[in-house]
Protein chains: 2
Amino acid sequence: MDLNQFLPYQLSILSLKISNGIAEHYQDQFGINISEWRVLIILYKNPDITAKKISQLSQMDKVRISRTLKSLVQKDYLTQSQHPLDARAKNYELNQRGRYLMRAVIPDALRYEENLLSQLSEEEREQLHHLIGKFNRILG
Amino acid sequence: MDLNQFLPYQLSILSLKISNGIAEHYQDQFGINISEWRVLIILYKNPDITAKKISQLSQMDKVRISRTLKSLVQKDYLTQSQHPLDARAKNYELNQRGRYLMRAVIPDALRYEENLLSQLSEEEREQLHHLIGKFNRILG
DNA sequence: TATTTTTTGTTTCATTTGAAACTATTTACC
DNA sequence: GGTAAATAGTTTCAAATGAAACAAAAAATA
């Protein structure tokens, strides 16, 4: 049995390489980590939502969401407001600084992905897309 | 920009699902974690090697290797012996309990992989193999 | 040979993580 | 309405992680 031929091992190495590369890049360029980046993207598309909703959309743990939101408020990228119907919850949305940040981060992220995908042929890109979908269906 | 369509995000979610599934399974079935499992596999194929060599083969950090070896010796799956030429280093190999464990773990791991791959067509398996190789070349 | 540099492996420290416990509030049910 | 159960979010705790500092030995160099 060869570890380097073992699929779960290969996938984890691969994903680690990609994640680490991105994490480092974002930390250097924008001073944000992966959790923060994910939450920012979600708030960009979904203004005025609660931590609970962010947790559902990102599939991230609620503790992590809580901490990430706290950090993003401290860094002054988000505004908090009391939820009108639920005193336990708060709504979050990007403030001006946050929107400004995202106007830099998003093209950068897309450029990173594009650069990665540009090294694949059209056929390979289709295969990749298909396989990811298939695995997600298999693994639930 | 949709997070769910963003390749690096998809890959990390996918790999996390697979890794977590395996980690849980091994903890339940054999009481070993992923680090221990990787080191055991390597020692199965490469008896009598040093921590340094294991680190190279597994691409795992030397601190993590040091701790994993300590734990595996405590659990009585490995024997340590002084390296004949280098007083700083020790050689490690599976002892009888370790070999016995591996005779259970390996078929189990292969069954897991086979089950995953059996849900792909022959064509999809080839594509997967090809894409993993390609990404590894791209990412260095 | 003596001294500097490199290498192997461990320990210390700070950070990240999530499970479990907790608070506060809301919803369900009698 | 009043109590029990569920829910949103935070804090506490312990485990995992790796960078940096460290000790010991080997290799390189003078």
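Numbered from 1 within each chain, the chains take letters A, B, ... in sequence-line order.
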A.B. asks: Give the C-alpha distance, both sets of side-chain angles, the deciding distance and a yes or no for side-chain contact (heavy atoms from CB on, under 4.5 Å) between B:Thr79 and B:Tyr92.
C.D. replies: CA-CA 6 Å; B:Thr79 50; B:Tyr92 293 88; over 6 Å; no
A.B. asks: Within the 4.0 Å heavy-atom criterion, would you say A:Arg64 contacts the bases, only the backbone, or no part of the nucleic acid?
C.D. replies: sugar-phosphate
A.B. asks: Not counting sequence neighbours, which residues clear side-chain contact (heavy atoms from CB on, under 4.5 Å) with A:Asn115? List them please.
C.D. replies: A:Ser118, A:Gln119
A.B. asks: What residues, two or more places apart in sequence or in another chain, satisfy salt bridge (charged side-chain N to carboxylate O under 4.0 Å, His left out) together with A:Lys75?
C.D. replies: A:Glu36
A.B. asks: Over how many whole Å does the gap from B:Lys52 atom NZ to C:dT6 atom C1' extend?
C.D. replies: 11 Å
A.B. asks: Round to a whole Å and report the spacing from CE of A:Met60 to P of C:dT16.
C.D. replies: 13 Å
A.B. asks: Calculate the interatomic distance between A:Asn33 atom CG and C:dT15 atom P; express it in whole Å.
C.D. replies: 14 Å
A.B. asks: Tell me, please, the opening and closing nucleotides of DNA chain D, 5' to 3', among those with an atom under 4.0 angstrom from a non-hydrogen atom of chain B.
C.D. replies: D:dT17 to D:dA26
A.B. asks: What integer distance in Å separates B:Ile49:CD1 from C:dT8:C1'?
C.D. replies: 15 Å
A.B. asks: C:dG9 phosphate, OP1 or OP2: any side-chain N/O from B:Ser66 under 4.0 angstrom?
C.D. replies: no
A.B. asks: Quick one: side-chain hydrogen bond (donor to acceptor under 3.5 Å, both in side chains) pairs with a partner in residues 98-108 of chain B, sequence neighbours left out?
C.D. replies: B:His25-B:Asp108
A.B. asks: Mapping A:Arg67 and A:Thr50 to their closest nucleotides on DNA chain D, which lands nearer the 5' end?
C.D. replies: A:Thr50
A.B. asks: Let me test you: for the helix from C:dT1-D:dA30 to C:dC30-D:dG1, what is the angle between the axes at its two ends (five pairs each), rounded to 10 degrees?
C.D. replies: 10°
A.B. asks: Taking only residues two or more places apart in sequence, or in another chain, which ones meet B:Asn46 in a side-chain hydrogen bond (donor to acceptor under 3.5 Å, both in side chains)?
C.D. replies: none
A.B. asks: Mind checking side-chain hydrogen bond (donor to acceptor under 3.5 Å, both in side chains) for A:Asn33 and listing every partner two or more places apart, or none if nothing turns up?
C.D. replies: none
A.B. asks: With salt bridge (Lys or Arg N to Asp or Glu O under 4.0 Å) as the rule and sequence neighbours excluded, what pairs involving residues 118-140 of chain B come up?
C.D. replies: A:Glu124-B:Lys134, A:Lys134-B:Glu124, B:Glu122-B:Arg125
A.B. asks: Under the side-chain contact (heavy atoms from CB on, under 4.5 Å) test, which residues partner A:Gln59, sequence neighbours left out?
C.D. replies: B:Ile13
A.B. asks: Would you tell me whether B:Arg38 and B:Ser58 have side-chain atoms, one donor and one acceptor, within less than 3.5 Å of each other?
C.D. replies: no
A.B. asks: What is the distance from CD of B:Gln74 to C1' of C:dT10, rounded to the nearest Å?
C.D. replies: 14 Å
A.B. asks: Mind checking what makes side-chain contact (heavy atoms from CB on, under 4.5 Å) contact with B:Ser66, not counting sequence neighbours?
C.D. replies: none
A.B. asks: Can you build the contact string for nucleotides 20-29 of chain C? Use B for base contact, S for sugar-phosphate-only contact, and - for no protein heavy atom under 4.0 Å.
C.D. replies: B---BBS---
A.B. asks: side-chain contact (heavy atoms from CB on, under 4.5 Å) with B:Glu114: which residues, sequence neighbours excluded?
C.D. replies: none
